[in-house]
Amino acid sequence: MSLARRAALLAWAERRRAVIIEDDYDSEFRFGDRPLEPLQSLDRAGRVIYVGSFSKTLLPMLRLGFLVAPASLAPALRAARQLTDWHGALPTQAALARFIDEGLLSRHIRKATREYAARHAMIAEALGADERLLPVPSTAGLHLCARLAPPA
């Protein structure tokens with residue numbers, strides 16, 4: 001979304017007293033441009049809940065995620081968590097917290113981004129070399145897509 005559209009969405013949420021849930025799906029793996037600032041970083045009214053997981057950056061089997069929410073929502077979010085999943089994987093969470101605190105997650109993401117960017121470029125080049133395929137442009141993610149070219 002453009003900056004103007006993002007600002008309009010935030011203004012709409014404030015007028016409607018709505019909450020926006022921003023899913024940080026693949027921001028770590030943007031190969032064409034620099035990463036977009038999260039909508040949550042522009043939020044001055046406390047309307048955005050920023051959620052993400054470690055399934056792409058680390059391991060899907062970790063089944064760990066995170067959210068960054070306005071302080072005003074903390075009591076409601078704590079209550080909802082207790083109703084749905086009151087027994088989180090504390091040893092795994094503690095190990096991940098230490099991994100993050102020691103700077104190892106950032107280091108891993110930098111290394112993985114370089115590797116995935118090289119793979120992305122190699123596959124995009126191969127797709128572009130086949131005249132039967134029309135690559136679909138993408139700026140982020142671990143996927144590439146192509147359409148079949150119309151018959152000549």
Side-chain angles (χ1 to χ4, degrees), residues 1-10 12-13 18-130 133-147:
M1 258 193 255
S2 70
L3 183 58
R5 286 190 69 196
R6 294 158 53 140
L9 178 60
L10 288 168
W12 175 88
V19 173
I20 299 167
I21 298 175
E22 179 178 19
D23 183 2
D24 184 16
Y25 180 69
D26 59 10
S27 67
E28 294 90 355
F29 302 116
R30 290 186 68 83
F31 307 122
D33 317 341
R34 57 183 207 114
L36 293 174
E37 291 296 318
L39 184 63
Q40 190 264 346
S41 70
L42 304 172
D43 180 25
R44 301 292 172 247
R47 296 286 169 196
V48 177
I49 298 174
Y50 181 73
V51 300
S53 79
F54 298 96
S55 65
K56 285 198 169 141
T57 53
L58 291 174
L59 292 169
M61 72 172 85
L62 274 180
R63 311 274 308 145
L64 288 178
F66 63 88
L67 64 83
V68 178
S72 62
L73 296 177
L77 291 168
R78 251 186 241 105
R81 175 125 202 282
Q82 288 218 332
L83 286 171
T84 59
D85 181 24
W86 53 270
H87 61 24
L90 295 180
T92 307
Q93 290 175 17
L96 180 58
R98 186 172 178 183
F99 190 72
I100 293 168
D101 287 344
E102 292 176 359
L104 298 172
L105 178 63
S106 295
R107 189 170 119 195
H108 168 73
I109 289 172
R110 283 191 303 274
K111 188 175 178 180
T113 300
R114 283 192 303 271
E115 179 64 29
Y116 291 147
R119 292 178 188 186
H120 187 275
M122 186 171 47
I123 294 170
E125 184 180 330
L127 285 174
D130 189 330
L133 298 173
L134 301 172
V136 176
S138 68
T139 58
L142 298 176
H143 59 277
L144 286 163
C145 184
R147 289 183 293 204

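Keep in mind that the numbers below use all heavy atoms, side chains included, and drop hydrogens, waters and symmetry copies. Counting begins at 1 with the first residue of the sequence.
In this structure, the side chains of Leu58 and Leu105 come closer than 4.5 Å at one or more pairs of heavy atoms. The side-chain heavy atoms of Val48 and Leu42, taken from C-beta on, include no pair separated by under 4.5 Å. Between Thr92 and Leu96 there is no side-chain heavy-atom pair separated by less than 4.5 Å.
Atom NE2 of His120 sits about 8.0 Å away from atom CD1 of Ile123, to the nearest 0.5 Å. To the nearest 0.5 angstrom, Leu127 atom CG is 12.5 Å from Arg147 atom CZ. Distance check, rounded to the nearest 0.5 Å: CG of Leu144 to CG of Leu133 gives 11.5 Å.
Residues satisfying the salt bridge (charged side-chain N to carboxylate O under 4.0 Å, His left out) criterion with Asp130, sequence neighbours excluded, are Arg132. Applying the side-chain hydrogen bond (donor to acceptor under 3.5 Å, both in side chains) test to Arg98 and every residue at least two apart in sequence or in another chain returns Glu102. For Arg119, the salt bridge (charged side-chain N to carboxylate O under 4.0 Å, His left out) test picks out Glu115, with sequence neighbours left out. Judged as a side-chain contact (heavy atoms from CB on, under 4.5 Å), and not counting sequence neighbours, the contacts of Leu90 are Gln93. By the side-chain hydrogen bond (donor to acceptor under 3.5 Å, both in side chains) test, Ser53 pairs with Ser55, sequence neighbours left out. Partners of Glu125 by side-chain hydrogen bond (donor to acceptor under 3.5 Å, both in side chains), not counting sequence neighbours: none found. Qualifying side-chain contact (heavy atoms from CB on, under 4.5 Å) partners for Ser106, counting only residues two or more places apart in sequence or in other chains: Arg110. Partners of Tyr116 according to the ring-ring contact (aromatic ring centres under 6.0 Å, His included) rule, which considers only residues two or more places apart in sequence or in another chain, are Phe29. Partners of Ser72 according to the side-chain contact (heavy atoms from CB on, under 4.5 Å) rule, which considers only residues two or more places apart in sequence or in another chain, are Pro70. Not counting sequence neighbours, Arg114 has no partner by the salt bridge (charged side-chain N to carboxylate O under 4.0 Å, His left out) test.
Arg47 contributes no side-chain N or O that, together with a main-chain N or O of Arg44, makes up a donor-acceptor pair within less than 3.5 Å. Gln40 places no side-chain N or O within donor-acceptor distance of the main-chain N or O of Tyr50, the cut-off being under 3.5 Å.
Listed by first then second residue, pairs satisfying side chain to side chain donor-acceptor pair (under 3.5 Å) with a partner in residues 56-71 read Tyr25-Lys56, not counting sequence neighbours. Sequence neighbours left out, the pairs with a member in residues 58-77 that pass ring-ring contact (aromatic ring centres under 6.0 Å, His included) are Phe54-Phe66.
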side-chain contact (heavy atoms from CB on, under 4.5 Å) between Leu39 and Asp43, worked out: CA-CA 7 Å; Leu39 184 63; Asp43 180 25; over 6 Å; no

